[in-house]
Amino acid sequence: MYLFNTLKRCKEEFVPIDENNVRMYVCGPTVYDRAHLGNAKTPVVFDVLYRVLCNKYGKNHVTYVSNITDVDDKILNKHKETGKSIREITEQTYQWYVDDMAKLNVLAPNYRPRATEYINEMIELVELLLKERHAYEAQGHVLFDVDSMPNYGFLSGRSMKEMIAGARIEVADYKKNPADFVLWKPSDADQPGWNSPWGYGRPGWHLECSAMSSKLLGNSFDIHGGGSDLIFPHHENECAQSLCAHPGEKFANYWVHGGMLMVDGVKMSKSLGNFYTIDQVLEKAPAEALRLLFLTTHYHQPFNFTFEGLEAAKQTLDKFYNALLRVKDMACDSSSADERIVNALEDDINTPLALSYIHELVNTLNKAESDVDKAKAKTTLLKSAELLGILWQNPEEWFKGSVGDEAQEIEKLIAQRAEAKKNKDYALADKIRNDLKEKGIILEDSPQGTTWKKI
RNA sequence: GGCCGGUUGGCAGAGUGGCUCAUGCAGAGGACUGCAAAUCCUUGUACAUCGGUUCAAUUCCGGUACCGGCCUCCA
């Protein structure tokens, strides 16, 4: 298995520290508002990686952690804007997020830790850094001393000189070096906070992931993931904290970063009016279409979202489910996933290549004649699709949705049309078909009779 | 300004130092069908640009142009 490792800036063979417990940590969202498309892409990509790891090492030999940041100034701002309590905001947003993930068929990670439940671990980590002289106190803050770490910047590949040249680092008079970042900061009495050796305050963002990953996965683990925008400063600072607090440990061996999501070729932003939340997009297309769409581009590339692409993904799924609909009553045999698909996914999660083989498997299924061949083709397709997290739905439900009384009415019209066809009254038969088409119901004749679908 | 990444056919999007060939959508033709739909078969079109290395480059190296990302919160 191979992964593109940001540390080495190249693809390298993945060798876990412990094959019996492969450990992965992926940065999750800050819960202050509905998750947007970018917040959806990253978990979908790492969900595929999780599935591939489970397939290779066994489900019980993989530990996957994805955190929830529930203490942050953005949440504080939301509280000021809306007047809603912090707790109300984070609980509601968390629930929305979990629901969105479920719709996208993202498997639940083994742990979904919340920052506020690991404050003690964070305080311990700060104490360790102070003791090792990698941090210092100033005006109620505790700051990480970047000058205490000679190779600070090794992950993102930038030198201290460059960072200062950037000159957009927040300058504060209490910082020894402008690049020093906050580990702990003071809170006002009306702000969320916890008592600490440095007074009432709250943790800096970077600290959370270092503390939670250490607690749940250990001081050295295999994969750390996230969007490429997190490389600097977030992941760089996590490295600084964790490596300085635990000398001799490796923190994460493989850093895996997904390309940014864009909309119509440019960065998604509220000011450009091309900002979409997951639930907004799911009003226009099934969640599975969005999931498939994310997988049509290699995760490492920037991903360009368009509604045309979303519609195309939906049509692709129609094609796939059409094939499955024909063999809906066929039992699966003992076939396993297509080896080419496993190989493609184990080669740095090459989902576009894997999908091209899915198309081939669908074609094979459509052409299969004997029951034995059909069962084999169906099983291979479903087992392969499971690695990608697609085709999990019942094909009839995919096309018909949750229809109630409507179905009986349609069946009645189909019977009428069959009668008309028998009498060679094609005008009436075509009228029934066209009337239904206007209501979004498509009829398909076959030697076995007529079936219908919703479009 | 600094640091990264990209540029493949009408569109989306893999991949490869030479071979017949990604794949999908769209287009063209055909089979099946009362007609459709679905499905199947056949088919055209490509590697930004200029140099270099090589027997051979879309693929490796370098320059140029263009596009995007990061450098501040961000998945």
Side-chain angles (χ1 to χ4, degrees), chain A residues 4 6 9 26-30 32 35-46 66 69 72-74 77 97 153 156-159 161-171 179 181 205 225-236 257-262 265-269 292-293 295-304 306 308-309 311-313 315-316 318-323 325-326 344 347 350-360 362-363 365-367 399 420-422 424-427 429-430 433-434 437 442-447 450-453 455:
Chain A
F4 187 96
T6 304
R9 310 230 174 252
V26 176
C27 291
T30 301
Y32 69 101
H36 58 66
L37 286 177
N39 289 318
K41 192 211 165 206
T42 300
V44 166
V45 164
F46 285 97
S66 186
T69 297
D72 185 272
D73 287 358
K74 280 187 173 172
N77 292 340
Y97 180 73
S156 55
R158 42 190 95 207
S159 66
K161 208 172 141 193
E162 286 161 14
M163 282 184 273
I164 301 205
R168 284 203 273 174
I169 297 168
E170 183 199 354
V171 181
F181 57 91
W205 174 41
S228 64
D229 55 340
L230 297 184
I231 296 172
F232 188 89
H234 186 52
H235 288 164
E236 190 70 63
H257 291 102
M260 289 293 94
L261 179 133
M262 300 193 292
V266 291
K267 184 172 176 167
M268 180 172 79
S269 76
L292 176 65
L293 182 60
L295 302 179
T296 58
T297 301
H298 187 94
Y299 80 93
H300 204 252
Q301 298 285 114
F303 172 82
N304 188 29
T306 62
E308 291 76 33
E311 179 57 29
Q315 281 175 16
T316 300
D318 282 343
K319 181 180 167 178
F320 292 172
Y321 277 116
N322 248 321
L325 187 62
R326 282 200 203 92
D347 185 10
N350 194 338
T351 54
L353 187 59
L355 285 170
S356 79
Y357 295 130
I358 292 280
H359 274 103
E360 280 188 32
V362 168
N363 182 258
L365 176 57
N366 281 329
K367 283 194 287 190
F399 287 114
K421 275 174 66 176
K422 208 196 260 176
K424 301 232 191 279
D425 184 357
Y426 294 121
D430 288 352
R433 188 168 62 192
N434 287 333
K437 194 177 177 184
I442 300 271
L443 297 191
E444 290 178 5
D445 296 336
S446 79
T450 301
T451 57
W452 63 274
K453 294 171 182 168
I455 49 163

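Every heavy atom of this structure was used, including side-chain atoms; hydrogens, water molecules and symmetry mates were not. We name chains A, B, ... by the order of the sequence lines, and we start the count at 1 in each one.
- Atom CG in A:N322 sits roughly 13 Å away from atom C1' in B:C40 (whole-Å rounding).
- When the side-chain nitrogen and oxygen atoms of A:N366 are compared with OP1 and OP2 of B:C40, one or more of them lie within a distance under 4.0 Å.
- B:G10 and B:A46 have their P atoms separated by 8 Å, given to the nearest Å.
- Side-chain proximity of A:H359 to the nucleotides B:G6, B:G34, B:U23 is greatest for B:U23.
- Nucleic acid contact class of A:L261 (heavy atoms, under 4.0 Å, all strands): base.
- Residue contacts shown for A:D73 are absent, as no nucleic acid heavy atom lies under 4.0 Å away.
- Counting non-hydrogen atoms under 4.0 angstrom, A:N363 reaches the backbone sugars and phosphates but no base.
- Residue contacts for A:P302: at a heavy-atom cut-off of 4.0 Å it reaches no nucleic acid atom on any strand shown.
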Could you go through A:D445 and A:K421, starting from their C-alpha distance and side-chain angles, then the distance that decides it, and tell me whether this counts as salt bridge (Lys or Arg N to Asp or Glu O under 4.0 Å)? CA-CA 11 Å; A:D445 296 336; A:K421 275 174 66 176; 3.0 Å; yes
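- Within the 4.0 angstrom heavy-atom criterion, no nucleotide atom of any strand lies near A:K41.
- Phosphate proximity of B:G13 to A:T297: present, with a side-chain N or O under 4.0 Å from OP1 or OP2.
- The separation between A:K422 atom NZ and B:G34 atom C1' is 16 Å, rounded to whole Å.
- Classification of the A:H359-A:F320 ring pair by plane angle, with boundaries at 30° and 60°, yields perpendicular.
- Heavy atoms of A:T30 sit under 4.0 angstrom from primed sugar atoms or phosphate atoms, though from no base atom.
- Across the protein-nucleic acid pair, A:Y357 atom OH and B:G13 atom C1' stand 14 Å apart, rounded to whole Å.
- The nearest whole Å value for the distance from the CE atom in A:M260 to the P atom in B:A75 is 9 Å.
- Going from atom CG of A:L365 over to atom C1' of B:C40 covers 13 Å, rounded to whole Å.
- Within the 4.0 angstrom heavy-atom criterion, only backbone atoms of the sugar-phosphate kind lie near A:G226; the bases stay farther away.
- We find that CD1 of A:I442 is positioned 15 Å from P of B:A36, with the value rounded to whole Å.
- Taking only side-chain atoms of A:D229, from C-beta outward, the nucleotide of B:G15, B:C73, B:A75 with the closest atom is B:A75.
- Counting any heavy atom pair closer than 4.0 Å across all strands shown, A:K267 reaches a base atom.
- Separating the CE atom of A:M268 from the C1' atom of B:G68 is a distance of 16 Å, rounded to the nearest angstrom.
- Residue contacts shown for A:R433 include a base, since a base heavy atom lies under 4.0 Å away.
- In this structure, A:G225 reaches neither bases nor backbone, as no heavy-atom distance under 4.0 Å exists between it and the strands shown.
- Across all strands, A:H300 comes closer than 4.0 Å to no nucleic acid atom at all (heavy-atom distances).
- With pairs defined as Watson-Crick or G-U wobble and both atom distances under 3.5 Å, the stems of at least three pairs that touch RNA chain B come out as B:1-7 with B:65-71, B:10-12 with B:23-25, B:27-31 with B:39-43, B:48-52 with B:60-64.
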